Trainee: 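Structure below; questions to follow.
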2 protein chains.
Amino acid sequence: MNPDSPKGRAPSIRDVARLAEVSHQTVSRVLNDHPSIRPETRDRVIAAMETLQYRPNRAARALVTSRSHTIGVLAATSTEYGPATSIAAIEDAAREHGYYVNTANIADSSPEGIADALEHLMLQAIEGLVVIAPQVRVFEVLASSPVGVPFVSLQSTGRSDHLALSVDQVTGARRATQHLINLGHREIVHLAGPQDWIEAEARMRGFLDAIGDAELDLHPPILGDWSADFGYFAGRELLRHRDFTAVFAANDQMAIGLMHAFRDGGLDVPGDISVVGFDDIPVAQHVWPPLTTVYQDHRESGRRAVALLLNQLQGERLLEVEQIVPRLVVRGSTAEAPVSKPVTRA
Amino acid sequence: MNPDSPKGRAPSIRDVARLAEVSHQTVSRVLNDHPSIRPETRDRVIAAMETLQYRPNRAARALVTSRSHTIGVLAATSTEYGPATSIAAIEDAAREHGYYVNTANIADSSPEGIADALEHLMLQAIEGLVVIAPQVRVFEVLASSPVGVPFVSLQSTGRSDHLALSVDQVTGARRATQHLINLGHREIVHLAGPQDWIEAEARMRGFLDAIGDAELDLHPPILGDWSADFGYFAGRELLRHRDFTAVFAANDQMAIGLMHAFRDGGLDVPGDISVVGFDDIPVAQHVWPPLTTVYQDHRESGRRAVALLLNQLQGERLLEVEQIVPRLVVRGSTAEAPVSKPVTRA
DNA sequence: GACGTCGATGTGCACGTTCACATCGAAGGT
DNA sequence: ACCTTCGATGTGAACGTGCACATCGACGTC
């Protein structure tokens with residue numbers, strides 16, 4: 001084959017050096033953009049690299065620098081629109097900065113499942129971690145067996161042992177609820193996410209705040225699992241005693257399931273019941289009725305998470321300042337409360 | 001700190017060896033499950049590894065074996081339900097087999113964008129590649145600069161230079177179209193995916209086959225971009241001359257957009273127009289009307305892709321035999337063709 | 001009882017890169 | 001003219017692991 005690469009092996013830095021008639025160290029310097037290299041020498045080395053089709057060996061580099069240039073992503077429900085979008089954004093941003101991304105999905109939400117996923121990432125020698133499915137349990141595991149690398153969570157956890165993006169979910173949820181209140185609704189139910197989830201908790205808090213501010217009666221929230229199927233199920237249950245005129249669902253999927261159940265029960269959305277979702281998934285505006293929801297920029301969150309993490313890796317203790325506040329998008333699934341007050345429970 | 005690890009460095013195989021009073025090679029053998037190790041020795045080594053909290057150094061291992069234990073995933077639109085689900089399944093399956101996954105998203109579908117993503121994966125020294133967004137262009141790039149590793153595409157491409165899963169999209173699409181024909185529809189439009197996509201092409205072929213078999217007039221297919229927004233746009237365009245009674249959309253998102261447009265245009269689905277989608281995304285059964293579609297198991301596809309790839313990596317030239325045939329799921333968006341024949345075009 | 005076989009373990013080197021240090025000539029200050 | 005500084009490059013070692021080969025004792029065979 002190629003006479004320059006003696007064996008069947010891929011060309012190394014030394015092969016390049018031989019061809020360019022320099023030392024292997026000079027080649028290394030060219031690779032790492034060392035300042036004191038004569039342009040002429042650099043050109044010669046680069047030419048040699050090209051004729052040999054040289055590719056740096058990442059493993060060798062990682063071995064000696066003990067830096068893997070890899071960041072880990074710990075995800076749950078990576079299939080849903082929000083997380084999937086953030087993950088894609090994280091990968092793009094990481095690649096742009098010369099980093100690699102390794103994703104581990106949490107199989108079940110048991111501590112073992114979380115630990116397994118984490119272990120997988122640690123074996124990969126990640127330099128930093130993005131937690132994209134922030135469940136309280138994940139942070140418990142993280143606290144009990146510290147990973148030894150900086151990590152960022154996509155949602156603020158209120159803990160100070162790591163960085164967190166400040167997407168202000170509380171305000172987003174509060175605005176959604178406020179919107180319903182402004183339309184004259186007095187009996188509002190919250191279909192929340194799983195209790196363990198930090199996002200779910202934040203959205204619930206926003207809901208509770210708004211209800212409290214308006215001094216309305218509190219309906220006990222329903223804890224769901226983010227899925228449209230659960231939304232449908234919850235909707236059917238809710239219909240058994242119709243003591244509400246509006247529902248704020250913690251995500252769009254559940255909201256869509258809800259509307260399905262209400263329709264099946266012969267009710268009109270928004271005529272009889274108003275529904276608000278959260279996330280603004282792409283189909284939200286195309287379902288019937290078009291879903292009023294809270295827009296959240298998942299791509300931006302992913303990008304910021306990477307920026308924050310890389311900053312930290314470079315030693316700059318940058319704390320996230322600027323908050324992202326999600327935006328209410330009013331569509332057809334909300335309307336003024338019907339004049340006939342619903343029968344109150346008991 | 002720990003007296004066994006002389007410097008601040010992580011414990012190595014030699015530190016373990018010293019503590020267990022064996023040679024470093026014996027430790028290596030324990031790590032690699034070598035047969036001839038006395039159980040007693042093995043236990044001693046394992047104990048030493050635990051007290052030292054030893055983690056094998058992946059970079060060193062990769063360097064010496066020149067195997068990265070990493071497979072690459074080349075994806076486009078990784079945000080959509082189908083690809084996202086497959087990617088998650090691929091990661092899970094790979095992890096189960098002790099492999100790592102590195103995903104690169106194709107930024108734009110230009111040859112450079114594809115080459116960039118590929119380059120990123122090659123730098124990572126992947127051992128195999130799963131192409132999850134099979135566009136013709138991707139295979140052209142792959143052919144023009146061969147990657148040197150085996151690769152699997154999630155959809156059959158009809159080319160023989162690599163492995164492909166045989167999800168029989170053609171049959172799936174044919175069944176969807178047949179379903180419309182059986183309901184008495186004679187004027188059926190196909191809202192296809194982007195021309196470049198292999199899946200889109202397969203689904204279109206299935207559609208054309210069914211139309212041909214039934215000897216119906218062919219409406220020129222519309223080429224979309226998979227998005228619900230495009231579906232809506234296409235729907236509005238289609239309404240300008242209502243010369244059809246049914247539409248088969250190449251995915252659910254576009255189908256949902258279509259239904260939105262038809263509703264806006266004052267038409268009833270399925271009373272006036274029937275709509276069929278493809279994929280069976282989770283919200284498909286919850287939109288109004290519940291969407292008739294073709295179910296496809298994206299998780300299974302992902303799993304199989306990994307199995308196929310790993311088989312190949314282990315030298316077994318296994319060809320995919322068993323075909324997965326997607327299943328038609330009939331719901332509320334399709335009904336018998338209205339009796340009044342639509343006005344035919346010119 | 002000498003010899004081959006095999007199980008269990010040890011020794012040294014190689015993988016491709018970067019780091020610390022060395023070298024050497026030219027430029028610049030006195 | 002001498003010493004210092006600095007730019008440009010080279011030399012050797014180290015990173016942590018696996019492989020090829022060596023060693024050594026036990027066992028079975030003729």
Side-chain angles (χ1 to χ4, degrees), chain A residues 4-46 48-49 52-70 98 122-125 127, chain B residues 4-46 48-49 52-70 98 122-125 127:
Chain A
D4 300 306
S5 51
K7 324 203 176 157
R9 200 167 292 120
S12 84
I13 201 181
R14 296 196 132 92
D15 298 318
V16 175
R18 203 172 311 130
L19 184 60
E21 298 180 300
V22 293
S23 76
H24 65 105
Q25 174 62 357
T26 302
V27 178
S28 171
R29 282 194 254 260
V30 171
L31 281 172
N32 295 293
D33 281 325
H34 189 96
S36 46
I37 288 276
R38 260 190 311 168
E40 180 202 310
T41 315
R42 183 198 314 281
D43 292 347
R44 198 147 33 96
V45 170
I46 289 177
M49 295 203 284
L52 288 182
Q53 293 245 43
Y54 167 79
R55 300 288 175 96
N57 183 320
R58 224 170 79 76
R61 181 176 294 180
L63 175 61
V64 70
T65 57
S66 56
R67 300 205 40 202
S68 64
H69 270 250
T70 299
M122 293 318 294
L123 281 178
Q124 176 75 303
E127 291 182 26
Chain B
D4 301 306
S5 52
K7 323 200 176 160
R9 201 168 292 121
S12 85
I13 200 182
R14 295 194 131 93
D15 297 319
V16 176
R18 202 172 314 128
L19 185 60
E21 299 180 300
V22 293
S23 75
H24 69 103
Q25 175 61 1
T26 301
V27 178
S28 170
R29 281 195 255 262
V30 170
L31 280 171
N32 296 291
D33 281 325
H34 189 97
S36 46
I37 288 275
R38 260 190 312 167
E40 181 202 309
T41 315
R42 181 197 316 278
D43 291 347
R44 197 145 36 95
V45 170
I46 289 177
M49 295 203 285
L52 288 181
Q53 292 246 44
Y54 167 78
R55 298 289 174 97
N57 183 321
R58 224 169 80 76
R61 183 176 291 180
L63 175 59
V64 70
T65 57
S66 57
R67 300 204 41 202
S68 64
H69 270 251
T70 299
M122 295 316 295
L123 280 179
Q124 175 75 302
E127 292 183 27

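If you're wondering where the values come from, they're calculated on a predicted model, not measured in any experiment. What's counted below: heavy atoms across the whole structure, side chains too, no hydrogens, waters or symmetry copies.
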Trainee: Which ones in residues 36-45 of chain B lie close to DNA chain D, meaning a heavy atom under 4.0 Å from one of its atoms?
Mentor: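 Of all residues in residues 36-45 of chain B, none places a heavy atom under 4.0 Å from DNA chain D.
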Trainee: Hey, what do you get for OG1 (B:T26) to CG (B:L31), rounding to the nearest 0.5 Å?
Mentor: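 Rounded to the nearest 0.5 Å, the OG1-CG separation comes to 11.0 Å.
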Trainee: For the helix from C:dG1-D:dC30 to C:dT30-D:dA1, what is the angle between the axes at its two ends, each from 5 pairs, rounded to 10°?
Mentor: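 If I round to tens, the end axes sit 40° apart.
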Trainee: Using the side chain to side chain contact (heavy atoms under 4.5 Å, CB included) criterion, which residues pair with B:S66? Sequence neighbours excluded.
Mentor: none
Trainee: My understanding is that only residues two or more places apart in sequence, or in another chain, count here; which of them pass side chain to side chain contact (heavy atoms under 4.5 Å, CB included) with A:M122?
Mentor: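 In terms of side chain to side chain contact (heavy atoms under 4.5 Å, CB included), with neighbours along the sequence ignored, A:M122 is linked to A:I126, A:V147, B:R55.
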Trainee: Does any pair with a residue in residues 26-38 of chain A pass salt bridge (charged side-chain N to carboxylate O under 4.0 Å, His left out), and if so which ones, sequence neighbours excluded?
Mentor: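 Only A:R38-A:E40 qualify under salt bridge (charged side-chain N to carboxylate O under 4.0 Å, His left out).
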Trainee: Rounded to the nearest 0.5 Å, what separation is found between the CG atom of B:L52 and the CD1 atom of B:I13?
Mentor: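 One finds 12.5 Å between CG of B:L52 and CD1 of B:I13.
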Trainee: Just how far is it from atom CG of A:D15 to atom NE2 of A:H24, taken to the nearest 0.5 Å?
Mentor: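 Result: 12.5 Å between the selected atoms.
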Trainee: If you compare all heavy atoms of B:A20 against all heavy atoms of B:R44, which two are closest, and at what distance to 0.1 Å?
Mentor: O-NH1, 2.6 Å
Trainee: Which letter, B, S or -, goes with each nucleotide of nucleotides 16-24 of chain D from 5' to 3', with contact meaning a protein heavy atom under 4.0 Å?
Mentor: BBBBB----
Trainee: Let me confirm one number: the NE2-CZ distance from B:H69 to B:R58, rounded to the nearest 0.5 Å.
Mentor: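 One gets 8.5 Å once the value is rounded to the nearest 0.5 Å.
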Trainee: Report the distance from atom CZ of B:R67 to atom P of C:dC15, rounded to the nearest whole Å.
Mentor: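 Between P of C:dC15 and CZ of B:R67: 19 Å.
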Trainee: To the nearest 0.5 Å, how far apart are OG in A:S23 and CZ in A:R14?
Mentor: 9.0 Å
Trainee: Rounded to the Å, how far apart are A:R18 CZ and C:dT17 P?
Mentor: 12 Å
Trainee: Can you tell me how far CG of B:N32 sits from CD of B:Q25, rounded to the nearest 0.5 angstrom?
Mentor: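 If we round to the nearest 0.5 Å, B:Q25:CD and B:N32:CG are 8.5 Å apart.
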